[in-house]
Student: 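Would you mind keeping the following structure in view while I ask a few things?
Naming convention: chains lettered A, B, ... in sequence-line order (proteins, then strands); numbering from 1 in each chain.
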Amino acid sequence: MSFFGFDPAIPRGGGHPDKAPGFGAAPDPFAGISQHQGTGYEDEDAIDFDDTYDGLGDQLDETNDDLNDATFGGIEATTSTLSKPVGKDFDFHGQTAKVSNVINEEQFRYNRQHVSRKPQNLMKQTRPFKTGYEAYENPDYIPDLQVDVSSKGQTRTASGNVQASQSSSILSAVPQAAPAAAPARKMMSLEEVETAMRAQPKKSASVLTTQGRQQSQTMTYPNIPSAHAQHPLNVQSQSSAPVNLPPQQLSYQRASQNRVPLIPQQVLQAELPGQSVPNTARPGDAPQAQQRSQMIQQSSSQESAPHRQILQNPKRQSAQLAPRPPEPPLPPPQQQPRVFTTGAMGASQQLPIITHPQQLMQLSEEDRNAFLLEDAKRAKRNHKIYMLSRNNGLMTPQDKNFITRIQLQQLMTATGNTVEQDPDAVLSEDFYYQVTSQIRGGARQNPQQPLSNFAQTYLFQTGSRHGGPGRRQNRGGDNHMQRMEMQVQRAVEAAKAKPKNKQLVIEGSLGKISFSNAKTPKPLLNIKRNDSHDRPQSAGRQATSRKVLPAKLSISGRKSILRNIEAVYSTLMKMEDHERRLPAAPANEEQMSVAHHAWQEVMESLGQKLWDDLKVMDPIVEESSILHPFIAFLSYPKGKKAIPRIFRLLDEEKRLTILTMIVVHLNILDVIQNVQPGASGFRPSLVAREEVELFSQTVMPSLFAYVNEAPLQIVIGLLGLIVSRADMQVVLRTKVGLNILTMLLSRAELVKQSQNPSDQEWNQWVNLYNRFFDVIEPMLGIIFPGSVHDGQEMYVWQFLAATGIGANPDQQQRLVVAVKDRVMETVVQSKTLPPDMASQRLADVNLFMRAIGLDVDLLG
Amino acid sequence: MLFFSFFKTLVDQEVVVELKNDISIKGTLKSVDQYLNIKLDDIGVLEEVRYPHMSSVKNVFIRGSVVRYVHLPAAAVDTALLEDATRREAEQQATKPR
């Protein structure tokens with residue numbers, strides 16, 4: 001094994017392959033647990049090593065080693081280690097000793113973390129034959145200088161205050177004195193145990209396990225140096241007495257002893273008296289009795305004691321932590337209780353308190369089994385607790401407080417002063433998310449709620465976790481909650497009181513340093529904007545760009561239009577916000593008049609502002625090169641998109657005004673001007689087509705909605721405007737133009753059918769229609785876009801249908817003549833198309849044909 | 001906060017995050033925070049061949065500062081609303097005391 005550079009001495013139990021004779025012979029209630037905790041690290045390690053050492057090394061093919069010398073330069077050592085005793089020149093241990101130091105340290109460290117895994121099986125029957133010197137038979141054995149802390153704890157507590165009073169000068173003398181005092185009243189020496197064991201070898205096999213465990217408690221520290229080993233009796237006597245201490249007590253006492261923190265060597269010395277002192281002190285027995293009673297007290301709450309203590313008894317915890325020696329930290333307090341509970345738990349289970357193996361012996365078989373089972377369960381539970389609480393105590397309550405405060409502070413600044421913030425502010429902070437999730441039917445009904453109640457939510461969560469399923473609903477938990485609440489409140493107060501210092505300006509630096517918080521991650525540089533710089537720059541840009549684009553709108557014009565649009569939007573949003581704030585329906589009229597009046601006033605003023613922003617009423621300058629502001633407004637996509645929202649908020653009159661504006665400027669609307677087919681089959685640009693699409697989707701429905709309610713007079717007026725003012729040739733060749741005409745014509749037809757307009761009105765309409773028909777008739781040939789193959793002409797057929805319905809027979813005749821060719825072409829072409837497309841095309845044509853009392857089928 | 005607010009709405013959508021080191025990672029957006037750190041699930045690297053070491057990675061946490069672009073699913077973006085949100089944000093910035 002040393003082949004791999006391991007010091008075989010290190011796995012302390014491992015050196016004794018006879019570690020558990022008879023252990024497996026009897027039913028071992030700890031078999032399952034022993035893996036986790038029943039065995040010590042060393043022991044575990046030993047098992048692993050022996051079990052896993054599958055003898056592969058022995059199977060190595062050694063036969064062809066003859067050439068090794070040639071290969072490896074005649075180094076005999078490699079082979080000789082296997083076959084011959086190690087020569088003196090090969091200072092193996094000397095070298096590995098260095099390693100073993102490290103390993104020892106590691107081991108110690110590990111032990112500290114896993115103290116609960118007490119070595120327990122080591123002792124057994126082999127123990128009595130040990131002198132304690134075994135380790136030293138190994139010439140290179142290096143005693144573990146770090147005294148095993150657990151034994152320290154035990155001795156310390158056992159000796160308790162008694163020891164504290166003893167001066168350390170005694171200490172060196174004590175080892176000699178110890179044996180004399182050794183025979184403890186209640187203790188059974190190992191020899192006695194042995195005898196008992198031999199007396200009933202079979203029955204007690206399982207008992208032995210327990211016994212062994214208890215004994216091994218203290219005995220598995222063979223490397224507690226000589227003083228320990230010199231007095232085996234002492235060791236034995238120690239075995240059970242100190243075991244019964246709850247960890248709190250351990251540490252408590254340790255804390256109460258006004259001892260200076262010990263460095264390991266000192267500890268080592270101190271340990272020696274520690275082991276013997278209990279014996280000398282025992283005659284008085286005061287400490288022990290005291291301990292026992294405490295133990296019983298605590299036995300009921302034992303299972304959660306170790307970590308609950310840590311959680312909830314900060315004072316005690318800190319007291320315990322305070323005197324901690326600098327480099328060898330104490331064992332985590334929860335490591336001891338398992339041993340101790342062996343006895344203690346029994347009390348709560350109506351089983352006798354077993355503090356000594358002998359007591360176990362005296363029990364009946366049943367009781368013993370019950371006890372052992374109990375013990376196993378307990379051990380399991382303790383182990384679980386230990387696993388859960390492994391890192392308990394890493395942070396002091398102060399640390400936790402501090403962290404909590406930071407977190408809360410962060411929360412407070414993150415959401416600002418949630419208490420003072422009105423929901424609108426929160427909404428605007430997170431507008432997109434809130435609204436989107438509402439639109440999509442998100443989970444939150446009230447978008448403000450989770451945010452404004454952030455602190456409470458946070459608290460509530462921790463609270464529910466604390467309240468747990470009935471387990472820890474004790475006073476301590478409540479206190480904890482209350483403390484948290486208090487803290488939150490205080491944090492809120494503090495955050496409120498604290499003036500917000502968001503930036504730090506260092507003198508002479510260019511920018512400011514901003515502090516980040518959760519809401520506004522730190523802007524790296526915040527350079528003060530200089531307003532005076534703005535103007536000349538933009539002026540310069542204007543000048544240059546004007547040169548470049550003389551034909552287009554000047555940048556300033558474009559800029560001002562865009563600014564207008566933004567102004568409209570901002571007013572629009574204010575109105576929409578204000579709309580949401582409509583006071584709830586009040587109980588009585590009086591309240592209504594007050595609250596609603598105020599609301600109404602604001603709404604009206606905003607509406608007026610919106611109207612002004614739209615600039616619809618700006619004077620129309622004929623033949624001006626400058627586009628009317630409203631038409632310019634409509635020439636931008638976002639202007640178009642605003643229309644439906646604006647229309648909703650405007651009254652009838654203003655809607656009509658807008659409609660009139662559009663109709664009057666039909667010629668120069670971008671959606672009409674930019675899609676004029678050129679001479680040679682010009683296809684409008686993609687952008688222009690998209691604009692048309694957008695216009696049809698946004699503006700047209702609003703206009704439709706209005707016209708669909710409009711009286712005939714208005715329809716007459718609008719059509720009259722178009723006929724008299726617009727350039728029909730331009731209008732007719734565009735989709736938007738035709739759509740508007742269709743809209744008006746069909747409305748007139750609907751009015752005629754449903755409302756029975758007066759003869760005068762109707763005559764007026766017919767006259768207008770006749771004029772209109774005369775104007776469009778010569779142009780009917782050019783209204784179709786592109787060739788017949790394009791299939792983008794449904795709106796044309798719609799227009800023709802609307803025209804045809806209102807036409808008199810003579811006009812219908814002329815209409816048919818004008819578009820006859822196209823009809824025929826479409827019918828012919830549809831025969832070459834797949835059925836669904838063909839029927840679509842024919843249906844389009846039929847719109848028109850049916851309007852004048854025909855059908856494409858007749859043409860078939 | 002606009003971006004944060006925006007990205008929150010994309011949770012559970014599939015996005016492509018292009019990093020400043022040219023790796024493009026496609027995955028389901030699991031969460032985003034105010035630093036625009038991003039958590040992705042079920043990820044795949046667009047150029048598997050170039051970054052084979054990423055092929056076994058199933059989910060990632062991306063620090064916001066290393067993101068160059070996030071390719072959005074167009075369908076999941078409400079443009080009009082986003083425009084409005086932008087206006088609000090701008091308004092807030094303007095009215096905020098500097």
Student: Could you check which of B/Leu81, B/Leu82, B/Leu36, B/Thr86 has the highest count of heavy-atom pairs closer than 4.5 Å to chain A?
Tutor: B/Leu81
Student: Distance check, rounded to the nearest 0.5 Å: A/Lys641 atom NZ versus B/Glu83 atom CD?
Tutor: 4.5 Å
Student: In sequence, state the C-alpha distance, the side-chain angles, and the governing distance for B/Asp84 and A/Tyr569, and then conclude on side chain to side chain contact (heavy atoms under 4.5 Å, CB included).
Tutor: CA-CA 8 Å; B/Asp84 265 18; A/Tyr569 266 109; 4.1 Å; yes
Student: Heavy-atom distance under 4.5 Å to chain A: side chain of B/Val11, backbone, both or neither?
Tutor: neither
Student: Within a reach of under 6.0 Å around NZ of B/Lys26, are more than 12 heavy atoms found that belong to other residues, nucleotides or ligands?
Tutor: no
Student: For the atom pair CG (A/Leu572) and CZ (B/Arg87), what is the distance rounded to the nearest 0.5 Å?
Tutor: 8.5 Å
Student: Around B/Arg68, counting heavy atoms of other residues, nucleotides and ligands shown, do more than 12 lie under 6.0 Å from its CZ?
Tutor: yes
Student: For the backbone of B/Lys8 and the side chain of A/Tyr432, can you confirm whether one donor and one acceptor N or O come within less than 3.5 Å of each other?
Tutor: no
Student: Is the number of heavy atoms from other residues, nucleotides or ligands under 6.0 Å of B/Lys39 NZ greater than 12?
Tutor: no
